[in-house]
Amino acid sequence: MYRFVLTRQWVCLTLIALALIPAMIKLGFWQFHRHEHRVAQNELIAKNLYAKPEPVTGLTSPGHTVPRDDYWRAVTATGTYDPAHEVVVRMRTSNNDKVGFQVVTPLVLDDGRAVLVNRGWVAGGDDPRAYPPVPAAPAGEVTVTGRLKADETSGDSGIKDRKGLPDRQVMLIDSEQQAAAQGRPVLGGYLELTAPLPPGGSPEAVAEPDHDSIGPHMAYAVQWWLFAAAVPVGWVVLVRREKRDREEAAAKAVPLEPASA
């Protein structure tokens with residue numbers, strides 16, 4: 001009755017179904033793990049953003065790689081801005097997705113070391129290779145508060161560190177690169193300035209990272225698992241339909257007996 005499932009067509013269909021089930025289950029767990037990662041990251045961001053600010057020198061030092069557990073950590077630093085070694089980071093977007101530059105100014109600490117401060121976003125001028133108009137950093141000694149971030153790399157950001165850029169323009173925020181340019185020790189990582197914010201709103205402060213939304217990954221995981229469950233159900237439905245169609249075709253093929261005289 002079900003001998004047709006041994007035909008080439010049905011064997012191929014069955015093999016495809018058997019391959020789809022584990023693949024869909026695996027895709028579901030992949031999305032589930034992405035959901036777990038997003039939830040853990042949101043918890044880390046919230047914990048570090050709202051923790052009591054600590055001196056930046058207690059969390060990083062020259063050549064130090066900021067660990068993930070310290071990303072977005074609220075830190076403070078006291079020193080004097082060095083506008084002579086200020087740089088702008090190309091191809092960065094504002095909070096409204098406009099393309100421009102981020103302004104990174106070294107803050108020289110009392111011990112002679114410096115920490116890079118990302119003061120925020122500014123628009124570019126008419127010439128994309130010219131240094132953009134940047135509001136001056138505050139003069140004299142200042143105490144700033146910011147979010148600690150790790151040095152940017154091409155691998156993490158996907159941004160290629162191009163060479164031959166115009167003077168004082170960079171693609172990535174890199175403390176070791178800036179230490180070589182400035183000729184002094186620079187603390188690993190950098191600060192995203194949160195206070196004090198400049199009057200007039202320029203440079204535009206980098207927005208706080210999103211730590212409320214969890215994304216659609218859990219919904220995608222459930223969808224993949226439902227698809228995996230639907231495959232065997234669909235296979236059974238197709239088999240039963242094929243059986244019924246074959247029975248109906250066989251019944252129509254039986255010749256009618258002639259009526260008796």
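Treat the numbers as computed from the prediction; the structure is a model and nothing was measured.
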Looking only at atom types and distance, does a side-chain atom of [X] sit under 3.5 Å from a main-chain N or O of [Y], one as donor and one as acceptor?
X	Y	result
Asp161	Ser154	no
Asp174	Asp151	no
Ser94	Asn96	yes
Ser157	Glu152	no

Quiz item: Could you go step by step and tell me if Asn118 and Glu192 meet the side-chain hydrogen bond (donor to acceptor under 3.5 Å, both in side chains) rule?
Solution: CA-CA 5 Å; Asn118 184 347; Glu192 286 181 347; 4.9 Å; no
Test of understanding: clusters of I, L, V, M, F, W, Y form through side-chain heavy atoms closer than 4.5 Å, transitively. Do [X] and [Y] belong to the same one?
X	Y	result
Trp30	Phe32	yes
Tyr190	Ile45	no
Leu6	Leu13	yes
Leu15	Val233	no
Met171	Val206	no

Atom pair [atom1]/[atom2] of [X] and [Y] - distance to nearest 0.5 Å:
X	Y	atom1	atom2	result
Thr57	Leu109	OG1	CG	7.0 Å
Glu54	Thr145	CD	OG1	12.5 Å
Met91	Ile159	CE	CD1	9.0 Å
Lys149	Trp72	NZ	CH2	6.5 Å
His217	Arg34	NE2	CZ	4.0 Å
Gln102	Leu193	CD	CG	12.0 Å

Using side-chain heavy atoms (C-beta onward) and a distance below 4.5 Å, is [X] in contact with [Y]?
X	Y	value
Pro106	Tyr81	no
Arg147	Pro209	yes
Val103	Glu86	yes
Trp121	Asn95	no
Val122	Pro133	no
Leu49	Arg73	no
Val142	Leu107	yes
Val186	Ser175	yes

Kindly give the heavy-atom pair with the smallest separation between [X] and [Y], and that separation in Å.
X	Y	answer
Thr14	Trp235	OG1-NE1, 3.0 Å
Ser213	Arg38	OG-NH2, 3.0 Å
Pro62	Leu187	CD-CD2, 3.6 Å
Met24	Trp225	O-CD1, 4.3 Å
Pro203	Pro198	O-CG, 3.4 Å
Arg129	Arg90	CA-NH1, 4.4 Å

How about [X]: does its [atom1] atom have over 12 heavy atoms from other parts shown lying under 6.0 Å from it?
X	atom1	answer
Glu248	CD	yes
Tyr220	OH	no
Arg240	CZ	no
Arg241	CZ	no

Exercise. Report the C-alpha distance between Leu191 and Val115 in whole Å, list the side-chain angles of each, state the deciding distance to 0.1 Å, and finish with yes or no for side chain to side chain contact (heavy atoms under 4.5 Å, CB included).
Key: CA-CA 8 Å; Leu191 272 64; Val115 60; 3.4 Å; yes
Practice problem: For side chain to side chain contact (heavy atoms under 4.5 Å, CB included), just list the numbers for Tyr131 and Val88, CA-CA rounded to whole Å, side-chain angles, deciding distance to a tenth of an Å, and then say yes or no. | Solution: CA-CA 8 Å; Tyr131 198 81; Val88 292; 3.6 Å; yes
Quiz prompt | Stepwise side chain to side chain contact (heavy atoms under 4.5 Å, CB included) check, Trp10 with Val239 | solution = CA-CA 9 Å; Trp10 275 94; Val239 168; 3.4 Å; yes
Quiz item: Taking the six-membered ring for Trp, are Phe29 and Trp224 ring centroids under 6.0 Å apart?
Solution: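 Between Trp224 and Phe29, which both carry aromatic rings, the centre distance is not below 6.0 Å.
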Quiz item: Is there a donor in the side chain of Gln41 and an acceptor in the side chain of Arg68, or the other way round, less than 3.5 Å apart?
Solution: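 Judged by distance alone, the side chains do pair up.
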Quiz item: Under 3.5 Å, is there a donor-acceptor pair linking the side chains of Ser61 and Arg113?
Solution: no
Practice problem: Would you check, one step at a time, whether the test side chain to side chain contact (heavy atoms under 4.5 Å, CB included) holds for Phe4 with Gln9? | Solution: CA-CA 9 Å; Phe4 62 86; Gln9 177 184 357; over 6 Å; no
Exercise. Go through the steps to decide whether Arg184 and Asp82 satisfy the test salt bridge (charged side-chain N to carboxylate O under 4.0 Å, His left out), and finish with yes or no.
Key: CA-CA 12 Å; Arg184 63 181 163 220; Asp82 177 14; 2.4 Å; yes
